[in-house]
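Step one of this worksheet: look at the structure below.
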Amino acid sequence: MDKIVALAKRRGFIFQDSEIYGGLANTWTYGPLGTALLRNIRNQWWQFFVGQRPDIYGIETPIIMNPAVWRASGHADNFADAMVECKKCHTRTRADHLIEGALKDIKVEGLPTTELDQLITQNHLTCPTCQEFDWTPARQFNLLFTTHIGIVPESESLAYLRGETAQGMFVNFKAIMDSMSPKLPFGIAQIGKAFRNEITKGNFIFRTLEFEQMEIEYFIRPDEWEAQYESWKKDMWTWVTGLGIPENDLRWRRHTDDELSFYSTRTEDVEYNYPFGGFKELYGLAYRTDYDLRNHSEKSGTQLDYFDQQQNTRLIPHVIEPTFGVNRTALMILCAAYQEDDQRVWLSIKPTLAPYQAAVFPLLKNKPELVSKAKEVYAMIGSDMAVAWDERGNIGKRYYAQDEIGTPWCITIDFDTLENDTITVRDRDTTNQERVAISELKSYLQEKLN
Ligand code: GAP
């Protein structure tokens, strides 16, 4: 993990944020390459789940919504984790993380605070910072970030930063019904930031205060929920394995009853085998029943239902929710891609996800005819894919640099190019080089990308 974090910083993927002020724990900035990786993840997700599906409608809703949304959804009261504080050094930690970290292979998320206290006492779990055993009793800590709007008295101006993008889909259900007239089953999707006042942080970008979700609320008839659930499990698996992640580093895990979120009656997580502590949550699939639409109907006074022409009745649709973390996807991709041998380090990222699909090098920087030919090649393929340009140092160093950022193909323009209009294409994973005619290069790369 240390090597991945160091590479991410050194090569412009991910930096500690506000570093000139000493940083802020668990906030990160995505550099140019990290930004490209995130954008590729989002674009491909959108194409896979929204662009090519006529039954899914994409929207963008605000981060700050009417605070009544979060009271009706239950988040203002129930979106909480149990926390304990060390009385000696004041380290605060999530009680479930303390227990699961020490006892391995046990899941205690969602247990009542009294039971968490018992487990901590029975197993004499000491503070990870000062090693003392002197904890406060566990207490619930709400995860929603609060803020204030305008200059009205505090209680009237209270607002929340959204803790999940999902509520944007529920409160705009009627607007989608009225404007798009969808038929069940159908989904509403969005990609956007969510915020949580996490107590336990750490593990690089795995758990942060601010992160990005890609979520779908899929509205169904209640009696079809099990079939829809299974169908979504398949689609999620197709998506994640399509990212080039080995299947044996992925698994499904069903939540225990204690662990279920307050809105869910069945949740299964896709877990990835991260290099810190093994399998951890990557994505989730929840059956939210009619919990959200029913609550918003009751609390807003606006009926959020559906007229079923088949049955000639009105019904409140039930919801299957596939949810995906953008940042955990990026972290998984970096972890799965990292390769090294005694010669070099390379990121074996799926080519379409890599920050650059190709790099173009003139063999020598001080030979104008090579540089100008290389610029032609750059312009020719640059309209189809992201292409890096490098003319510094020797070719070996340039290959090394592109390997480290996962560029699948390096294209060198040399003196033979000037003679016969061919270039070399060097493959990141095999390091093999091939001579290709410039006239064939576009289709050569396109074929490999496809
Ligand atoms: N709408 C359902 C929902 O929000 P969740 O399991 O709490 O469910 C969904 O979050 C996904 O968001 C997770 O599977 C994970 O990928 C990501 N996620 C949640 N909390 C996160 C955090 N603090 N930092 C980074 N990603 C997070």
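Numbering of ligands and ligand atoms starts at 1, following listing order. Quick note: numbers below take in every heavy atom, side chains included, and nothing from hydrogens, waters or symmetry partners. Start at 1 with the first residue, then count along the sequence.
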Look at ligand 1 and say whether Tyr272 reaches it with a heavy atom at a distance under 4.0 Å.
-> no
Structural part of Arg207 in contact with ligand 1, heavy atom criterion under 4.0 angstrom | both
Worked verdict on Phe206 versus Tyr274 for ring pair (Phe, Tyr, Trp, His ring centres under 6.0 Å) = CA-CA 10 Å; Phe206 181 80; Tyr274 286 98; 5.2 Å; yes
Note: Arg288, heavy atoms under 4.0 Å from ligand 1, region reported as side chain
When you measure from atom 25 (C) of ligand 1 to every protein heavy atom, which one gives the shortest distance, and what is it?
-> Phe206 O, 3.2 Å
Audit row: Asp55, Tyr218, side-chain hydrogen bond (donor to acceptor under 3.5 Å, both in side chains) steps and yes/no = CA-CA 9 Å; Asp55 57 336; Tyr218 200 70; 2.7 Å; yes
Are Asp308 and Arg314 ion-paired here, with the side-chain N under 4.0 Å from a carboxylate O?
-> no
List every atom of ligand 1 that sits less than 4.0 Å from any heavy atom of Glu321, numbering the atoms from 1 in the order shown and giving each element.
-> 1 (N), 2 (C)
Just need the protein heavy atom nearest to atom 7 (O) of ligand 1, so name the residue and atom and give the distance.
-> Arg196 NH1, 2.7 Å
Can you sort out which atoms of ligand 1 are near Glu164, meaning under 4.0 Å from one of its heavy atoms?
-> 1 (N), 2 (C), 3 (C), 4 (O)
Tell me: protein heavy atom nearest atom 10 (O) of ligand 1, and distance?
-> Gln213 NE2, 3.4 Å
Less than 3.5 Å between some nitrogen or oxygen of Gly325 and one of ligand 1, yes or no?
-> yes
Output a table of donor-acceptor pairs, distance under 3.5 Å, between side-chain atoms of residues 341-355 and any protein atom two or more places apart or on a different chain; print 'none' if there are none.
residue: Asp341; atom: OD1; partner: Gln343; partner atom: N; Å: 2.8
residue: Asp341; atom: OD1; partner: Arg344; partner atom: N; Å: 2.9
residue: Arg344; atom: NH1; partner: Asp403; partner atom: OD2; Å: 2.8
residue: Arg344; atom: NH1; partner: Arg428; partner atom: O; Å: 2.8
residue: Arg344; atom: NH2; partner: Arg428; partner atom: O; Å: 3.0
residue: Arg344; atom: NH2; partner: Asp429; partner atom: O; Å: 3.3
residue: Ser348; atom: OG; partner: Asp429; partner atom: OD1; Å: 3.2
residue: Lys350; atom: NZ; partner: Gly242; partner atom: O; Å: 2.6

Can you find a non-hydrogen atom of Leu282 under 4.0 Å from ligand 1?
-> yes
What is the closest protein heavy atom to atom 8 (O) of ligand 1, and at what distance does it sit?
-> Tyr263 OH, 3.8 Å
Nearest protein heavy-atom contact for atom 18 (N) of ligand 1: which residue, which atom, what distance?
-> Phe211 CE1, 3.4 Å
Tell me which protein heavy atom sits closest to atom 24 (N) of ligand 1, plus the residue, atom name and distance to 0.1 Å.
-> Thr208 N, 3.0 Å
If the plane angle is over 60° it's perpendicular, under 30° parallel, otherwise tilted; pick one for Trp28 and Phe204.
-> perpendicular
Full working for salt bridge (charged side-chain N to carboxylate O under 4.0 Å, His left out) between Glu268 and Arg253 = CA-CA 5 Å; Glu268 293 184 43; Arg253 188 185 67 79; over 6 Å; no
Distance filter under 4.0 Å to Glu198 heavy atoms, resulting ligand 1 atoms | 20 (N), 22 (C), 23 (N)
heavy-atom search around atom 14 (O) of ligand 1 in the protein gives Glu281 OE2, 2.6 Å
Would you say Met332 contacts ligand 1, with heavy atoms under 4.0 Å as the rule?
-> no
State plainly whether the residues Lys193 and Glu212 are in salt-bridge range, i.e. N to O under 4.0 Å.
-> no
Pi-cation contact, Trp135 with Lys87 (under 6.0 Å, within 45°) | no
Tell me which one of Thr323, Val326, Ile216 gets a heavy atom nearest to atom 9 (C) of ligand 1.
-> Thr323
Test log, rule side-chain hydrogen bond (donor to acceptor under 3.5 Å, both in side chains), inputs Asp292 and Gln167 | CA-CA 8 Å; Asp292 298 274; Gln167 294 306 318; 3.2 Å; yes
Would you please name every residue forming a salt bridge (charged side-chain N to carboxylate O under 4.0 Å, His left out) with Glu404, sequence neighbours left out?
-> Arg10, Arg11
Run the side-chain hydrogen bond (donor to acceptor under 3.5 Å, both in side chains) check on Ser157 and His148 step by step: do they pass?
-> CA-CA 5 Å; Ser157 66; His148 292 277; 3.0 Å; yes
Can you tell me the protein heavy atom closest to atom 3 (C) of ligand 1 and the distance?
-> Glu215 OE2, 3.6 Å
